[in-house]
Amino acid sequence: MKLKLPNPGLEERIPSHAEVEKMEEVQAGDRPQWDNKAQYMLTCVGFCVGLGNVWRFPYLCQSHGGGAFMIPFLLLLVLEGIPLLHLEFAVGQRLRKGSIGVWRSISPYLTGVGIASMLCSFVVGMYYNTIMAWVMWYFFNSFQDPLPWSQCPINDNRTGYVSECARSSAVDYFWYRETLNTSTRIEDSGGLQWWMVLCLIGAWVLLWVCCIRGIETTGKAVYVTSTLPYVVLTIFLIRGLTLKGSVDGIIFLFTPDVDELMNPSTWLDAGAQVLFSFSLAFGGLISFSSYNPVHNHCEKDAVIISIINGLTSVYSATVIYSIIGFRATEKYDDCLAGNILTLLNTFNLPDGNITENNYDEAFKNLNSTAPDIVQGLNLTTCNMKTFLSEGVEGTGLAFIVFTEAITKMPISPLWSVLFFIMLFCLGLSTMFGNIEGCVVPLQDLNILPRTWPKEVFTGLTCLISCIIALIFVQCSGNYWLALFDGFAASIPLLVIAFCEMIAVSYVYGIDRFNEDLKFMVGHKPNIFWQVTWRVLSPLILLVILVFYFVTTVSKKLTYNVWDPESPGFPTLAQQTYPDWISGIIFILAGTPCLAIPGAALFMFIYKRCCKKDRRYAEERLNTISDKVPMSVTTSN
Amino acid sequence: MYLFRAVLAFAMQSYKDNVNYDVSNIVVCDETVRVSFWFVVTTPGNTSELLPKEEVENAIKKFRNRINSAFLLTDQTLDFVGISPTLAAPVHYDNPPWLIVFGVVMGLVCAGIVAMLISTFLQKARSKKASADSADEEDRSGTIAGNGIHCERIGERDGIYNRGFADDDRFTKL
């Protein structure tokens, strides 16, 4: 017998199949609808494909054994990503509500799951749009030749470059000093940076104009924001492949190291990447699919979108690493040329005596004949692998490594503009989903009057997020963002995803869910879906959750700072977080997780109180009609 | 080598104003295969008196451009050991170009927002008018169409008398 938790009153809360059919024909204007299937697909693809595909996946791929990483990634994509995606699509399409509405319909005690989704969407949206502000800043600064990050500023007496820049590099300086103006500790807030505030306001205003009326406006915007990244990626691929050293980068990326598969952190990272890459548990996907016609083929959609997401990850990894290979080759050549020049100058050899080809032999020769002089020169060893594995994740990839690579290409401003437009579109389409996951539950909660137009809801969300996001544009903003990124979105999402699967399989009832899918799609979901929904995916999620939790709790709370006074400069120095950060981390990660049992408890108490009143009212009525017989006699 | 000595002599002459320097005043020694050498500058009057290093350095700094262009070389390819090149002034903008692009983009976005809000407002006004019109129509036709479903209206003219409330028995026995 299938396990099913008791769930009284389910029939009253959800529309029956017949009602849903009727709603389709009759209620045309009440709930927003997609103009066509393409809009829906593009919106979902845009939501799923985000910055993580560009700057997280390539790093994971390369650091966890290259081509071998595909195995855990694809396996977990099929066993974890696709079932969860299909589940969210089906649930939204059947129950025709946003995330809070859906979970409240399944069981009022599960409203917390919707609230947790809303909180996660809100927090992630806040810091994600700050990254958009950074991308906008770089985009605005790309309309000049030479690019501002291609050269260091000069010091006062014009004899050399500014010391901080000379010791690190022009791109580092531009990112850490001229963009962020970072402080050295998270406690030193340093005040708001006016240029960043402008960009932040710009990012939020632009987001508001795109989602001002919900999917009416975002549906039009996604035609551009979801397709442009692919165009730009292709342009970069073609450009990249014509550059020297690009193929070395791609080979470095995909060289398999099968030993990495034995490492549990590889599987953990693959699982986490699949979950976060699909933007599951945010509530946005449930919302989007609730606007679909009820007989939409959600199974096919889920599979198609998963495949697109996976392929995009691999494609963008290829493009990124072709450019990284080019940059590494350039740096290697520069390093070698510098060494050769030093040797030629020291030993007064004619030009062309030592070239790249015979460098090693010449070096050995000189080292054996005059070792003291050669040692005294302190030549840096040029290692291609070091250059290839430098800082290739997250903001470091986009704003330092890639921008440096762009400065070495001819017509740099053009490539810079294209690159940052692509990043902006990738991020904006993800933000649409986040806003949807925030605004629709807000409407469902009935906190604000329903008669208020949607523009007010979206406007309020954007305004409040913008104001709170001012934390991220202080001098220490970068550290706050890293904190939020690490703790606010990881564990709560795993918990929500796990609860979603358990809720649908065991509280809603897998039998009823199968019937719903038969009604919507035409056939009962096959054995693969049954196994994954009921056993495999929750199990995998639980394992990932436990491991993630253990690693997060046990690791030391340190972060990396840009400190010009630190001994290892320009490498980032490690700092420990102050004690009060633990409180903040607990609030960030704990609030959404605790919202789930908290709301259940609240509902339980509320029902108890309300039940008493209802019973009391019923009793009173019974008493009156018992005691006062009413009879009506009519005369004919 | 002659060209170099001539250019350097010119530089010294221009720097010192009234003293005439000649090619013979630039003494070169220690040439290597690497095309690097030492040189000293002697005063025109007294060949054994050498000019101090700072003066030579200043002269070279002042006329670096001319020396470079004589050989079609740059600061990176012609290196005077100990004399760091005076770097070119960085490009300075009165209005940073990023502000201009920011202004353009923000202008477009704000125009978009205004357009959206106006269109929402107009839509609301139009639908209010339309519903007022259709309400009048409904009054005239006598049927109400809600969501495409017609239902009969109980109005003053076509009331349906409910026999449950018969006139003769208005009072209930209490």
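Chain A is the first sequence line, chain B the second, and so forth, proteins listed ahead of strands; every chain is numbered from 1. This structure is a prediction, so every number in the text was calculated from the model and none was measured.
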So, for Y138(A) and F174(A), is the gap between ring centers shorter than 6.0 Å? yes
So, for W149(A) and F399(A), is the gap between ring centers shorter than 6.0 Å? no
Chain B contact via L198(A) - side chain, backbone, both or neither, heavy atoms under 4.5 Å: both
So what's closer than 4.5 Å to chain B heavy atoms on T217(A): side chain, backbone, both or neither? side chain
So which heavy atom on G427(A) is nearest to which on M132(A), and how close? CA-CE, 3.5 Å
For the residue pair R450(A) and Q443(A), what are the closest heavy atoms and their distance? NH2-O, 3.6 Å
Donor-acceptor contact below 3.5 Å, side chain [X] vs main chain [Y]:
X       : Y       : result
S465(A) : T461(A) : yes
N358(A) : T355(A) : yes
R177(A) : C165(A) : no

Among residues 203-212 of chain A, which residues come closer than 4.5 Å to chain B, judged by heavy atom distances? V205(A), L206(A), W208(A), V209(A), I212(A)
Taking every non-hydrogen pair under 4.5 Å, which of F139(A), F140(A), W195(A) racks up the most with chain B? F140(A)
Heavy-atom cut-off 4.5 Å, strictly under: side chain, backbone, both or neither for [X] against chain A?
X       : result
M106(B) : side chain
L108(B) : neither
V105(B) : side chain
L99(B)  : side chain

When rounded to the nearest 0.5 angstrom, what is the spacing between [atom1] in [X] and [atom2] in [Y]?
X       : Y       : atom1 : atom2 : value
L200(A) : C466(A) : CG    : SG    : 4.5 Å
Y359(A) : N339(A) : OH    : CG    : 3.5 Å
M136(A) : T130(A) : CE    : OG1   : 12.5 Å
L418(A) : I406(A) : CG    : CD1   : 9.0 Å

Can you list the residues of residues 118-126 of chain B that sit under 4.5 Å from chain A, counting heavy atoms only? S119(B), T120(B), K124(B)
State, yes or no, whether a side-chain contact exists between T225(A) and M431(A) at a heavy-atom distance under 4.5 Å. no
Taking the side chain as every heavy atom from C-beta outward, state whether L448(A) and L460(A) have any atom pair closer than 4.5 Å. yes
